Amino acid sequence: MSGDILRSFSQSSAPGVKSPTLEKKALHLSHLPDRTDVKPSFPRTPGSVDPNNPPWPAFRGYHTYSFANATMGVRLPTILSKAIQDALLTVNALSSEDLIKDLLECVKRMEQLKAELEGNGMLRPIKDDGEADVALWNKEVAKYFLGKDFMNATWLFAEAYKYRRLRECFTLSKHWADYDVFFRQKCDTFSRSSDAVFELSMRFAEPFQHDLTKKPMSQSEMLEAEKLVFHELTQICLWGNSTDLSLLINMTEEQIKSLQSTGGDHLAETEKNILGNHVEQLWDLVKKMKDKTRGRVDFVLDNAGFELYCDCVYADFLVQLGFASQIRFHGKRYPWFVSDVTKKDWEWLLNTMVYGYLFPEASEIERESLRKMGQRWKEYERQGIWVYEQHPFWCTGYTFWDLLNEAPDLFLHLSKSDLVIFKGDLNHRKLTYDCAAPAPTPFDQAIGSMASAAGAPPVCSIRTIKSDVVVGLGPNGDDVAAKLDQNEDGWKISGKYAVILLSQGRPGEKVRFT
Ligand SMILES: O=P(O)(O)OC[C@@]1(O)O[C@H](CO)[C@@H](O)[C@@H]1O
């Protein structure tokens, strides 16, 4: 557009209206803002949000000194080195040449992936390895991340993509498609958690009942007692999430023990570290479920081993006290973010509790308590009270803002739940689009369609804070975050702080697909 044309536009005015100032203010091209000054305003409008453009600014690996940068540049290559060591350990114990050669090819592919990560290579399409999710991954790469590399793609996508590429290293093999390079570590950490494991099993192996030696309780006293246990177990379920293999790789046994401490005093002490705490609203919701129908609760699981064990103790309580008649546990189809639960981890935990000899130092009473609890949980499974499932969507690069559109069957399925509990940091990142939303942002705004779509179930995020995104801290959230920024370096990645956030959703409404 020429300057003259612009000038003639700027000078036009409504017929009969004289504007004395206009003549002096002729608009020139040079008056237009520089393209680089045009900043998007946040949150982006829903129509302009996509996996490479979250509602608030994305975290990306090239942000020097960020956790994203440290993860992409250092943590992920280290994780891959450990994975390679694990595969080589397996090679050492093999005798069949066919198996050895095949596994060594997987190792080669892992080394190639590590080199790509370290050299900040481009994100390429996933190879056709016969897996059902190839199309979904490649659609996302093609639409939003074409020409992007590990550092300038969004951190969440690049990191998830790395785990799919790791999967590809094995699915392209003849014999090793189901090999889990993290399995040894996952089992090992559980076996090093004996203190906390037995503290819980000794308390909760016997079915819950009110103390019959004391005077009978009224209905409201009973409810009050249940509420106390509910509060405690919600916290146990929460702090179980601070044990995360991808971060704790170099922790000593003592450090793990102190993180897992479940004693009452410790819980009271740590409650003040829950920066956004909707546990009262959660209790109200759960209580209503009991009054109504004994509902269905879904756990979108995070870590295997000790965290899963804590989740199960919590789920057991919900079943025994009649809050829920069914619990559905959602795990991952393949090894994911190091310690996430797969079907094999799920089976391993229940079976090791009943049949295993993991804890040589434990007393017979302790071992029996673990067996008893494991037997009860396996019985729940047999009766269909507990159900384990693994939808492919959980292992994609999509956030849960896209769950409705990319996995409509899963949304429909979850919409029938009375409460969906999302465990851990990664699930929280996916709920909130992993972006720099302001700390006071209300949780239901931060999770988009998982709260606002018709039929969205009540959603609760139970998460120790281990990465940058922090929302739901209430109206003073900016001050809280600023104070911590000032006084406690690394408070967003230490796992010392936490949130328990609830969205009521729009349950009961008919789900609509666009
Ligand atoms: O989901 P989790 O186990 O609570 O945490 C996963 C995690 O360790 O991995 C990511 C970084 O690699 C972060 O989201 C987070 O810190």
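Note that the structure is predicted; figures quoted are calculated from it, not measured. When a ligand or atom number is given, it counts from 1 through the structure's own listing order. Numbering starts at 1 and runs along the sequence shown.
Each of Val469, Thr71, Leu156 was scored for a side-chain contact (heavy atoms from CB on, under 4.5 Å) with Phe59, with one residue passing: Val469. For the pairing with Trp346, the ring-ring contact (aromatic ring centres under 6.0 Å, His included) check across Trp377, Tyr309, Tyr388 returns one residue only, Tyr388.
Using a 4.0 angstrom heavy-atom cutoff, Lys423 does not count as in contact with ligand 1.
Close approach of ligand 1 to Glu159 (heavy-atom distance below 4.0 Å) involves ligand atoms 10 (C), 11 (C), 12 (O). Atoms of ligand 1 lying under 4.0 Å from any heavy atom of Asn303, numbered from 1 in the order shown and given with element: 3 (O). Close approach of ligand 1 to Arg429 (heavy-atom distance below 4.0 Å) involves ligand atoms 10 (C), 11 (C), 13 (C), 14 (O). Every atom of ligand 1 is numbered from 1 in the order shown, and the set under 4.0 Å from a heavy atom of Asp425 is 1 (O), 2 (P), 4 (O), 5 (O), 13 (C), 14 (O), 15 (C), 16 (O). Against a heavy-atom cut-off of under 4.0 Å, Asn241 is close to the following atoms of ligand 1: 4 (O). Interface atoms of ligand 1 facing Leu426, defined by a heavy-atom separation under 4.0 Å, are 1 (O), 2 (P).
For Arg75, a nitrogen or oxygen atom sits less than 3.5 Å from a nitrogen or oxygen atom of ligand 1, counting backbone and side chain alike. For ligand 1, the polar-atom distance check against Trp155 finds no nitrogen or oxygen pair separated by under 3.5 Å.
Figure legend: Lys344 and Phe183 shown as a cation-pi pair, the cationic atom lying under 6.0 angstrom from the six-membered ring centre and within 45 degrees of its axis. Cation-pi contact between Arg167 and Trp336: absent, since separation from the ring centre below 6.0 Å together with deviation from the ring axis within 45° is not met.
One finds no salt bridge joining Lys483 and Glu488 here, because no Lys/Arg side-chain nitrogen approaches an Asp/Glu carboxylate oxygen to under 4.0 Å.
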For this session: Before giving the answer on side chain to side chain donor-acceptor pair (under 3.5 Å), spell out for Asp86 and Tyr179 the whole-Å C-alpha distance, their side-chain angles and the decisive distance to 0.1 Å.
Result: CA-CA 11 Å; Asp86 178 275; Tyr179 187 71; 2.5 Å; yes
Scan the side chains in residues 414-424 for donor-acceptor partners under 3.5 Å anywhere in the protein, sequence neighbours excluded, and list what turns up.
residue: Ser415; atom: OG; partner: Leu412; partner atom: O; Å: 2.6
residue: Ser417; atom: OG; partner: Arg296; partner atom: O; Å: 3.2
residue: Ser417; atom: OG; partner: Asp298; partner atom: OD1; Å: 2.9
residue: Ser417; atom: OG; partner: Leu419; partner atom: N; Å: 3.2
residue: Ser417; atom: OG; partner: Leu419; partner atom: O; Å: 3.0
residue: Asp418; atom: OD1; partner: Lys292; partner atom: NZ; Å: 3.4
residue: Asp418; atom: OD2; partner: Arg296; partner atom: N; Å: 2.8
residue: Lys423; atom: NZ; partner: Cys237; partner atom: O; Å: 2.8
residue: Lys423; atom: NZ; partner: Glu307; partner atom: OE2; Å: 2.8
residue: Lys423; atom: NZ; partner: Asp311; partner atom: OD1; Å: 2.6

